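Not measured: the values here are computed from a predicted model.
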Amino acid sequence: MVPAWLWLLCLFVPQVTLETEDGRVLWGPQPVLVHVKDENDQVPHFSQAIYTAQLSRGTRPGTPFFFLEASDGDEPGTANSDLRFHILNQAPAQPSPDMFQLEPQLGALALSPKGSISLDQALEGPYQLLVQVKDMGDQVSGHQATATIDVSIVENTWVPLDPIHLAENCQVPYPHHIAQVHWSGGNVRYHLESQPPGPFEVDTEGKLYVTRELDREAQAEYLLQVWAQNTRGEDYADPLELHVVVIDENDNAPVCPPRGPPVNIPELSPPGTMVARLSVEDVDAPGSPNSHVVYRLLSPEPEEGAERSAFKLDSTSGSVTLGAAPLQAGQNILLQVLAIDLGGTEGGLSSTCEIAVTITDINDHAPEFTASQIAPISIPEDTEPGTLVTTLMATDADLEPTFRLMDFAIEEGNIEGTFGLDWEPDSGHVQLRLLKNLSYEAAPSHKLVVVVRSLAELVGPGPGPGATATVTVLVERVLPPLKLDQENYEVSVPVSAPAGSLLLTIQPAADPMSSPLRFSLVNDSEGWLDIKEASGEVHTARPLQGAQPGDMYTVLVAAQVADEPTLSTSATLMIHFLKAPSAPTPTLAPLAPVPTRHLCTPRQDHGVVVSGLREDPDLAGGHGPYSFALGPNPTVQRDWRLRALNGSHAYLTLGLHWVEPREHVVPVVVSHDAQMWQILVRVIVCRCNVEGQCMRKVGRMKGMPTKLSAVGILVGTLIAIGIFLILIFTHLTLARKKDLDQPADSVPLKAAV
């Protein structure tokens, strides 16, 4: 204790200031600290003379359950105030005199290990402990004081807790009281921990609370541990464990898996083929009705009876299989399946799941030609090898490109290898080409059978063999060109020549063909001339009315082989009109009418020249100009076209690409000077070859036997040979019989060799 006079002395310590001549302070007044040395003149004392404490029988040994409080007025931190606590006496001393221990420096009272062993036999009455506090630390000397602690032994209430069940999403005020713990000893604090961490807490009275709603799907169970601790956080005993089970509610609908890529199912797969298996997740309690999911097919809707449905669904397992209804390759189907919990009962939650299904293609279709029979194709026998004959097209109903690859071959009719095929496997088009020279005499026609097959192996029920297309190739005989004895003809005739007058004869070249020729005039606009179809004699068809001496009249003479209409030629015939002679020209018989014209179909760049002059000279309406038009028949106007060449002639052609091959009579209306008359033009329409000329049937060559005659000759020959053999055998038989009937001595002997 510092005397008061010493403090007064410290207050009046002089203060000295040192200054320079100019008034600057070099050293100012400084306070002087005087330290007073402490002496151990203060006696420690307890906060209370008598303390009371409670000890639970479940307390761990060594864990303080009571803390003594004492103080010393000496300077803190010195030996004078360094206090030590000790137990001086325990009463009663049963069952052990050392049932308690006191931590010397902190004054923490705890149950000793011996006391822990003997605690169950301890008296129920309180224990009285005489305790001492002394300063000067562990030194023998020092001031001291004593106090009494009354310790009551209480029963252990720190007992295990039963599990509790809490409903999830419970609508109650929070925090909500759920359980109670109690430490029977005094000086206790409670500490709670949750595994996993959860919304739980404990108050100072040991009441346990849940602070918010629970979610079973987030956490189904919790393990709570509660400790009873002293003020220093030391555990009195092992923690109590409380199992919290969260009761499930049907608050979660089934969750469908994300829709993945389409499930590929080959076409023609049998019924029962597995398509997919739904695996939905319901996070409600496993095994409970809340998570019991059943399935129902929404789309496509099952048909009545489900025998013809395309898909079948197992309501329990969620397995989707193929039904009996057929599916086509290329179909994209979206299956919609309803998943319902609570076993499908009322009130269940549901979700709609989707499964994409694609029906993939298999090679179950054989390729086929677009046409199995090709119209006959005519090609000249001098056609160069490599020439394209025709193009065939085949299709394959399969969708997969690899299944549409095709292979072609000539299966029949190409023994000599005259023809070949050229194609790309993925095109579907095959070109038939000529590989060798043709010969009309060797083979006037070829019947080819082309087959197409799939490169990939065909599958499925009865794919069948490859399809075929038949191509008939007609070989056209190539004849030498037709020539007349002159390229141009000129003749002079008096203007007074009567009808039927012979002007000249058109003849073939020096080496005439064996087949007869047919002659015709093409552009006899005035109708003055006539030509014998067979002989080529040109006559006047009528009086040369209107012709003037010195004028020239030009017509075109056409000639063609009678058996080969496509073999033809023409020449110009120029007529010079002369002055009429004094003597009359004899009158000749009238000639045959102008022959019928020929045109080719399909349409070629050919036509028929039509003259506007009337056949009756008495009704002639002058020399033109004339107007030409087709007759009013709609069929005629559809099938034919007519255009004017000049004032006296028009040009008639086909109006359609294809006109039926036969003889047609085309009415042409001609008008001139308010007069109108009709001309009937006869045209034979025939099929055309590659050169745009008419094709005609090849007749039997002269001198060549028919099949019937050949058979007759063969049969006659065989009969003749048979008769001859019969005669020989009959003669031999009769001769031998005659020899047998003669006597033995009449038979001549054979000469010895």
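For the ring-ring contact (aromatic ring centres under 6.0 Å, His included) test, no residue two or more places apart in sequence or in another chain qualifies with H243. Under the rule for a side chain to side chain contact (heavy atoms under 4.5 Å, CB included), the partners of V245 that lie at least two apart in sequence or sit in another chain are H165, E221. When the side chain to side chain contact (heavy atoms under 4.5 Å, CB included) test is applied to S112, the partners found at least two apart in sequence or on another chain are Q101, K114. Remark: T358 engages N332 in a side-chain hydrogen bond (donor to acceptor under 3.5 Å, both in side chains) (not counting sequence neighbours). With sequence neighbours left out, the side-chain hydrogen bond (donor to acceptor under 3.5 Å, both in side chains) criterion links N169 to D251.
Salt-bridge annotation for R57 and E155: present, with a side-chain N of the basic residue lying under 4.0 Å from a carboxylate O of the acidic one.
Note that the CG atom of D235 and the CZ atom of R60 stand 5.0 Å from one another [nearest 0.5 Å]. Once rounded to the nearest 0.5 Å, the distance linking CG of D74 with CG of N80 reads 4.5 Å. If you take OG on S81 and CG on D38, they are separated by 7.5 Å, rounding to the nearest 0.5 Å. The structure places CE of M393 at 6.0 Å from OG1 of T370, a figure rounded to the nearest 0.5 Å. Once rounded to the nearest 0.5 Å, the distance linking CD of Q144 with CE of M136 reads 13.0 Å.
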Q | Derivation of the side chain to side chain contact (heavy atoms under 4.5 Å, CB included) call for H191 and V226 | A | CA-CA 6 Å; H191 174 70; V226 184; over 6 Å; no
(Q) For Q229 and E234: C-alpha separation, side-chain torsions, deciding distance, then whether side chain to side chain donor-acceptor pair (under 3.5 Å) applies. (A) CA-CA 5 Å; Q229 300 175 339; E234 297 172 309; over 6 Å; no
Q: Show the numbers, then the answer: is there a side chain to side chain contact (heavy atoms under 4.5 Å, CB included) between D135 and N40?
A: CA-CA 9 Å; D135 61 11; N40 188 20; 2.8 Å; yes
Q.
side chain to side chain contact (heavy atoms under 4.5 Å, CB included), that's the test. Do I149 and Q128 meet it? Break it down for me.
A. CA-CA 6 Å; I149 304 175; Q128 189 176 70; over 6 Å; no
Q. Between I87 and L130, does a side chain to side chain contact (heavy atoms under 4.5 Å, CB included) hold up when you go through it step by step?
A. CA-CA 6 Å; I87 297 176; L130 180 62; over 6 Å; no
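Each salt bridge (Lys or Arg N to Asp or Glu O under 4.0 Å) pair with one or both residues in residues 80-100, not counting sequence neighbours, appears once here: D82-R84, R84-D138. For residues 280-300, every residue pair satisfying the side chain to side chain donor-acceptor pair (under 3.5 Å) rule, not counting sequence neighbours, is listed here: D248-N290, N252-D284. Within the structure, no pair that satisfies the disulfide (SG to SG under 2.5 Å) test touches residues 45-77, not counting sequence neighbours. Residue pairs satisfying the disulfide (SG to SG under 2.5 Å) criterion with at least one member in residues 158-262, sequence neighbours excluded, are listed as follows: C256-C353.
For the pair F66 and Y51, the minimum side-chain heavy-atom distance is below 4.5 Å. Residues V151 and L129 form a side-chain contact, since some pair of their non-hydrogen atoms from C-beta on lies under 4.5 Å apart. Between Q90 and F100, some side-chain heavy-atom pair lies under the 4.5 Å cut-off. Proximity of P126 to I153: side-chain heavy atoms (C-beta onward) are nowhere separated by under 4.5 Å. Side chains of F67 and E103 form no contact here, defined as non-hydrogen atoms less than 4.5 Å apart.
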Let me check something: any side-chain donor-acceptor pairs from residues 259-274 under 3.5 Å, sequence neighbours excluded? List them with distances.
from : atom 1 : to   : atom 2 : distance (Å)
R259 : NH1    : E354 : OE1    : 3.0
E267 : OE2    : I362 : N      : 3.1
S269 : OG     : P266 : O      : 2.5
T273 : OG1    : P270 : O      : 2.7

Would you list the atom pairs, donor with acceptor, under 3.5 Å between side chains in residues 204-212 and any protein atom, with sequence neighbours excluded?
from : atom 1 : to   : atom 2 : distance (Å)
Y209 : OH     : D203 : OD2    : 3.4
T211 : OG1    : P199 : O      : 3.3

Going by atom type alone, with no hydrogens or angles, which donor-acceptor pairs under 3.5 Å involve a side-chain atom of residues 317-329 and a protein atom two or more places apart or on another chain?
from : atom 1 : to   : atom 2 : distance (Å)
S317 : OG     : S319 : N      : 3.4
S317 : OG     : S319 : OG     : 3.1

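Less than 6.0 angstrom separates the ring centroid of Y222 from the ring centroid of F200.
No hydrogens or angles considered: a donor-acceptor pair under 3.5 Å links the side chains of E213 and Q171. Between the side chains of S454 and N363, at least one donor N or O sits under 3.5 Å from an acceptor N or O. E241 and Q225 share a donor-acceptor pair across their side chains, judged by distance under 3.5 Å alone. Side chains of H365 and D398: a donor on one and an acceptor on the other come within 3.5 Å. Side-chain N/O atoms of Q42 and D72 include no donor and acceptor closer than 3.5 Å. In the model, N187 has no side-chain atom that pairs as donor or acceptor with a side-chain atom of N230 under 3.5 Å.
Counting all heavy atoms, side chain and backbone alike, P163 lies closest to L242 at CA-CD1, 4.5 Å.
Environment of CD in E201: crowded, with over 12 heavy atoms of neighbouring residues, nucleotides or ligands closer than 6.0 Å.
Of the residues listed (W158, F65, W183), the one engaging Y236 in a ring-ring contact (aromatic ring centres under 6.0 Å, His included) is W183, and it is the only one.
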